[in-house]
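When a ligand or atom number is given, it counts from 1 through the structure's own listing order.
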Amino acid sequence: MLALNDVWFRYGRRSEWVLRGADLRIPPRGMVALVGPSGSGKSTVLGLLAGYLRPVRGTVHSAKDEKVGWIFQMSTMLGSRTTLDNIAVSLLAHGISRREARAAAEGLAERYGLTDVSQHRARTLSGGELQRLAVARAEATRSPVLFCDEPTAQLDASNSELVAGSLKTLAEAGTVVVVATHDRCVEEAADAVFRLSNGVFR
Ligand SMILES: Nc1ncnc2c1ncn2[C@@H]1O[C@H](COP(=O)(O)OP(=O)(O)O)[C@@H](O)[C@H]1O
Ligand SMILES: [Mg+2]
């Protein structure tokens, strides 16, 4: 269970409070959007939920490190390897055979709309394709929790919609997806939306 209970947070004794008694309960399934203007503390909240930031006051129920996946504005891949390879490496890490990994990677590529570029090197993919590949890889990795920090910030509207849809697909497959965003189309795809302003959720 991911939650903040009356959390106060600032980056240093002389800094302004970023969170001022924030309460947040992330539902145990589905896709959640954390929205708020730039500087409102969305990335800070992800850091607290992931457990790499500690509150000054209040309590946080954070995720265990090994269970967490991340997607940032621009995902990093093995650039000289193909789309399929980038998905398959995560599957091979679970100890399944090459053949099974390949078949499963093809299934995931299809699910996330990457079949046409499955043999392309990752460094040749568009921003939207890379982000969808990151979502496919997260499913392959089977992280029960995926934190996404502005995953559509560098994308145009149509790619943003594809990525938002992919995140929803992943959430439906059982991953808890927590997205910090100020993108309306991500917000609309979410099962729940929490708005952050003046250091609290409302
Ligand atoms: N590492 C840091 N050190 C000091 N201040 C920071 C740091 N990271 C963020 N801040 C400040 O904390 C506030 C919230 O930042 P952030 O969580 O990144 O907001 P958002 O993700 O909503 O844009 C901002 O005022 C920002 O300048
Ligand atoms: Mg941020």
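- For atom 15 (O) of ligand 1, the closest non-hydrogen atom on the protein side is Thr44 OG1, 3.9 Å.
- Counting backbone and side-chain atoms alike, Thr44 contributes no N/O/S atom closer than 2.8 Å to the Mg ion (ligand 2).
- In this structure, of His182, Lys42, Glu16, the residue bringing a heavy atom nearest to atom 22 (O) of ligand 1 is Lys42.
- In terms of protein heavy-atom proximity, atom 10 (N) of ligand 1 is closest to Tyr11 CE1, 3.4 Å.
- The N/O atoms of Gly39, backbone and side chain alike, include one that comes under 3.5 Å of an N/O atom in ligand 1.
- With a 4.5 Å cut-off on side-chain heavy atoms, Leu24 and Val45 count as touching.
- In this structure, Thr152 and Gln131 have side chains that are not in contact, with every pair of non-hydrogen atoms separated by 4.5 Å or more.
- Using a 4.5 Å heavy-atom cutoff, the side chains of Thr59 and Val7 are not in contact.
- With Ser43, Ser38, Gly41 as candidates, the residue nearest to atom 18 (O) of ligand 1 on a non-hydrogen basis is Ser43.
- The pair Glu161-Arg184 does not count as a salt bridge, with every side-chain nitrogen at least 4.0 angstrom from each carboxylate oxygen.
- Of all the heavy atoms of Pro37, the ones lying under 4.0 Å from any atom of ligand 1 belong exclusively to the backbone.
- Between Val177 and Phe147, every side-chain heavy-atom pair lies at or beyond the 4.5 Å cut-off.
- Looking only at side-chain heavy atoms (C-beta outward), Leu53 and Phe9 come within less than 4.5 Å of each other.
- Within a 4.0 Å radius of atom 26 (C) of ligand 1, the protein contributes no non-hydrogen atoms.
- At a threshold of 4.5 Å between non-hydrogen side-chain atoms, the residues Met77 and Leu125 do not count as touching.
- With ligand atoms numbered from 1 in the order given, ligand 1 contributes 12 (O), 13 (C), 14 (C) to contacts under 4.0 Å with heavy atoms of Val18.
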